[in-house]
Amino acid sequence: MTSAHKEKRLQSLARRAGDLEIKAMDAGQRDRAIHFMRRMYRLLELLASLREQENFHA
């Protein structure tokens with residue numbers, strides 16, 4: 001899997017987690033919303049780490 005593909009995949013997953021967080025919060029499911037919020041931030045951290053590694057090796 002190429003680095004660009006990994007970035008797009010992580011962005012897509014983070015966006016989906018954010019959408020699910022909003023949906024859960026709107027439905028009053030706070031615990032579920034927090035779960036997806038944490039997942040979204042974890043994915044964004046992975047994305048930032050991947051970009052940092054690319055810049056380091058460039």
Side-chain angles (χ1 to χ4, degrees):
M1 186 181 311
T2 66
S3 183
H5 182 73
K6 286 181 186 178
E7 281 191 40
K8 284 188 177 199
R9 181 71 177 146
L10 287 172
Q11 287 174 338
S12 176
L13 290 171
R15 190 176 312 111
R16 178 74 174 134
D19 291 345
L20 289 171
E21 174 199 355
I22 292 168
K23 186 177 178 181
M25 193 59 84
D26 287 347
Q29 299 172 332
R30 187 174 182 275
D31 290 341
R32 185 172 167 86
I34 290 171
H35 164 79
F36 285 115
M37 179 188 66
R38 288 180 177 152
R39 177 174 283 180
M40 178 184 65
Y41 282 119
R42 194 167 46 245
L43 290 164
L44 291 173
E45 286 176 12
L46 283 171
L47 181 59
S49 176
L50 179 66
R51 288 179 175 166
E52 185 177 301
Q53 286 176 1
E54 285 179 353
N55 290 337
F56 180 75
H57 293 295

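As a basis for the values below, the full set of heavy atoms in this structure was taken, side chains included, without hydrogen atoms, waters or symmetry mates.
With rounding to the nearest 0.5 angstrom, the CG atom of D19 is 10.5 Å from the CZ atom of F36. With rounding to the nearest 0.5 Å, the separation of CE in M25 from CD1 in I22 is 9.5 Å. Taken to the nearest 0.5 Å, the CD atom of Q29 stands 9.0 Å off from the NZ atom of K23. Taken from NE2 in H35 to CD in E21, the straight-line distance is 11.0 Å, to the nearest 0.5 Å.
Taking all atoms of both residues into account, the shortest heavy-atom contact from A33 to A24 is N-CB, 3.6 Å.
Side-chain contact between K8 and S12 is absent, with no heavy atoms from C-beta onward closer than 4.5 Å.
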Side-chain atoms of residues 40-48: list all donor-acceptor pairs with protein atoms under 3.5 Å, sequence neighbours left out, distances to 0.1 Å.
none

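When the side chains of ILVMFWY residues are joined at heavy-atom separations under 4.5 Å, either directly or via intervening members, L13 and L50 end up in a single hydrophobic cluster.
By the salt bridge (charged side-chain N to carboxylate O under 4.0 Å, His left out) test, R51 pairs with E7, sequence neighbours left out.
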